[in-house]
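Inspection log for the structure reproduced underneath, given as structure tokens.
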Amino acid sequence: MNESRLFKMVYYLLEKGRATAPELSEKFEVSIRTIYRDIDVISSAGIPIYATQGKNGGIFIDDGFTMDKSFFTEEEREHILNALQGIIATDGKNADELLTKLGALFQMKFTNWIEVDFSDWVQNKPTQDIFNLIKNAIFGKNVISMKYYGGNGKITERRVKPLKLIFKSKSWYLYGFCLMRNDYRFFKLTRIKSLEILTETFPPIPIPSNIESQIKIEKAINAKLKFDKHAAFRVYDEFTDQVTEDEQGNLYVQVDLPDNDILYSYIFSFAEHVEILEPQSLRERINAKIEEMQKKYRT
């Protein structure tokens with residue numbers, strides 16, 4: 001008897017609600033006769049599983065049935081608690097009670113292994129409110145309204161069906177169906193303002209796989225930078241394993257930088273500790289910007 005198949009069948013019925021014997025036979029690649037034998041075994045284990053005939057018939061588990069801790073291995077219970085602890089890191093205190101209850105049910109102590117703070121040194125007010133509002137809208141399948149500051153500098157009013165939160169390239173994004181564009185879009189959380197969860201809801205929408213690869217990074221310019229050792233703490237903070245070092249302690253980085261006004265402020269934040277090696281066009285732009293600033297300062 002394949003115990004793994006029995007567990008998978010129970011999980012499948014709990015998730016789907018009802019299935020026919022031919023459907024289960026095809027899914028688990030066994031005969032219909034074997035499926036009915038499996039039902040007898042599952043029933044003898046105390047699980048309220050039933051099979052009915054007719055137009056709306058099928059195999060199902062009683063709605064009031066809940067899984068207890070005996071259905072999970074110790075390793076699986078540990079994974080569940082650790083995963084829930086990760087949820088709490090982004091959810092604040094909302095999932096803490098659930099974690100406590102599961103810990104008691106599993107008779108295991110959970111390890112407080114992760115903490116996430118959404119605030120930064122520039123803006124003391126954390127963005128966790130936006131994160132949690134969007135998360136709640138996703139779970140509730142509520143349409144949201146918001147003001148969105150686009151990369152082109154324009155502000156638009158949007159109504160969006162939120163589907164997924166994604167963390168990529170050091171930033172959080174919302175993936176959803178934009179009712180203004182009538183298409184799927186990514187929205188950077190830091191550009192979302194005046195967000196409101198509406199009472200309007202929407203049915204479940206399938207999410208394509210590998211949508212993270214579809215996130216369009218802003219127009220960038222590839223640059224080779226040289227930093228002196230006085231900027232080492234920032235260089236290793238911001239570029240991690242992309243850094244190489246010479247015998248004099250100078251640091252070199254090859255990196256894509258946003259090709260907009262942010263580029264200038266970022267380069268200038270390193271003051272005299274950075275030199276642009278490549279491309280030459282960027283060196284000329286930075287030098288021209290410096291001359292322009294010096295001219296304004298003199299006048």
Side-chain angles (χ1 to χ4, degrees), residues 11-12 14-17 79-99 101-102 113-120 122-220 256 258 260 262:
Y11 297 144
Y12 182 77
L14 285 173
E15 179 180 4
K16 186 167 184 183
H79 285 329
I80 290 171
L81 292 178
N82 286 341
L84 187 56
Q85 181 66 41
I87 293 173
I88 289 176
T90 58
D91 190 32
K93 61 183 179 181
N94 296 333
D96 190 51
E97 183 178 353
L98 176 58
L99 181 63
K101 288 180 178 179
L102 280 178
W113 64 278
I114 185 172
E115 183 170 342
V116 178
D117 187 347
F118 284 82
S119 60
D120 59 32
V122 179
Q123 52 180 36
N124 294 324
K125 184 178 180 181
T127 58
Q128 190 168 10
D129 288 342
I130 292 288
F131 182 95
N132 282 333
L133 284 172
I134 294 175
K135 182 207 67 177
N136 292 336
I138 292 173
F139 288 162
K141 295 182 174 56
N142 292 90
V143 176
I144 61 174
S145 69
M146 63 186 185
K147 289 182 179 179
Y148 190 69
Y149 291 71
N152 57 5
K154 295 182 179 179
I155 305 173
T156 54
E157 297 275 355
R158 305 287 185 110
R159 290 172 64 250
V160 177
K161 297 177 180 179
L163 301 177
K164 192 173 185 180
L165 282 161
I166 299 170
F167 187 78
K168 184 172 182 178
S169 301
K170 301 180 181 180
S171 298
W172 281 101
Y173 294 86
L174 164 66
Y175 178 74
F177 188 84
C178 178
L179 295 172
M180 184 180 81
R181 303 297 188 194
N182 198 32
D183 200 0
Y184 295 92
R185 288 288 189 272
F186 289 95
F187 302 95
K188 202 169 185 178
L189 260 60
T190 52
R191 296 181 181 175
I192 294 175
K193 306 298 178 186
S194 304
L195 186 142
E196 181 183 354
I197 300 178
L198 305 179
T199 56
E200 179 184 353
T201 58
F202 58 92
I205 299 175
I207 301 176
S209 59
N210 300 323
I211 59 173
E212 294 86 348
S213 62
Q214 301 174 25
I215 296 178
K216 293 182 179 180
I217 304 301
E218 296 172 279
K219 184 180 178 182
D256 288 329
N260 52 36
I262 296 176

Nearest heavy-atom contact between Ile197 and Leu133 is CD1-O, 3.3 Å

Hits for side-chain hydrogen bond (donor to acceptor under 3.5 Å, both in side chains) against Glu196, two or more places apart or cross-chain, chain-then-number order -> none

With sequence neighbours left out, the residues meeting salt bridge (Lys or Arg N to Asp or Glu O under 4.0 Å) with Lys147 are none

Residues at least two apart in sequence or cross-chain that pass ring pair (Phe, Tyr, Trp, His ring centres under 6.0 Å) with Tyr184, listed by chain then number, are Tyr175, Phe177

When rounded to the nearest 0.5 Å, the distance separating CD1 of Ile144 from CG of Leu195 is 4.5 Å

Residue set satisfying side-chain hydrogen bond (donor to acceptor under 3.5 Å, both in side chains) with Thr201, at least two apart, ordered chain then number -> none

Value for CD1 (Ile134) from CG (Leu165), rounded to nearest 0.5 Å, stands at 5.5 Å

Heavy-atom nearest pair, Lys193 first then Thr190, reads NZ-O, 3.5 Å

By side-chain hydrogen bond (donor to acceptor under 3.5 Å, both in side chains), Arg181 pairs with (sequence neighbours left out) none

On a heavy-atom basis, the closest approach of Ile205 and Lys161 is CD1-CD, 3.9 Å

So CG of Leu189 and CZ of Phe187: to nearest 0.5 Å the spacing works out to 11.0 Å

Rounded to the nearest 0.5 Å, the CZ atom of Arg159 sits from the CD atom of Glu200 at a distance of 4.5 Å

Distance col, row Leu163:CG vs Leu174:CG, nearest 0.5 angstrom, shows 7.5 Å

Asn182 meets the side-chain hydrogen bond (donor to acceptor under 3.5 Å, both in side chains) criterion, sequence neighbours left out, with none

Taking every heavy atom of Pro162 against every heavy atom of Val143, the minimum-distance pair comes out as CD-CA, 4.3 Å

Here the gap from Lys188 atom NZ to Tyr148 atom OH, rounded to the nearest 0.5 Å, amounts to 8.0 Å

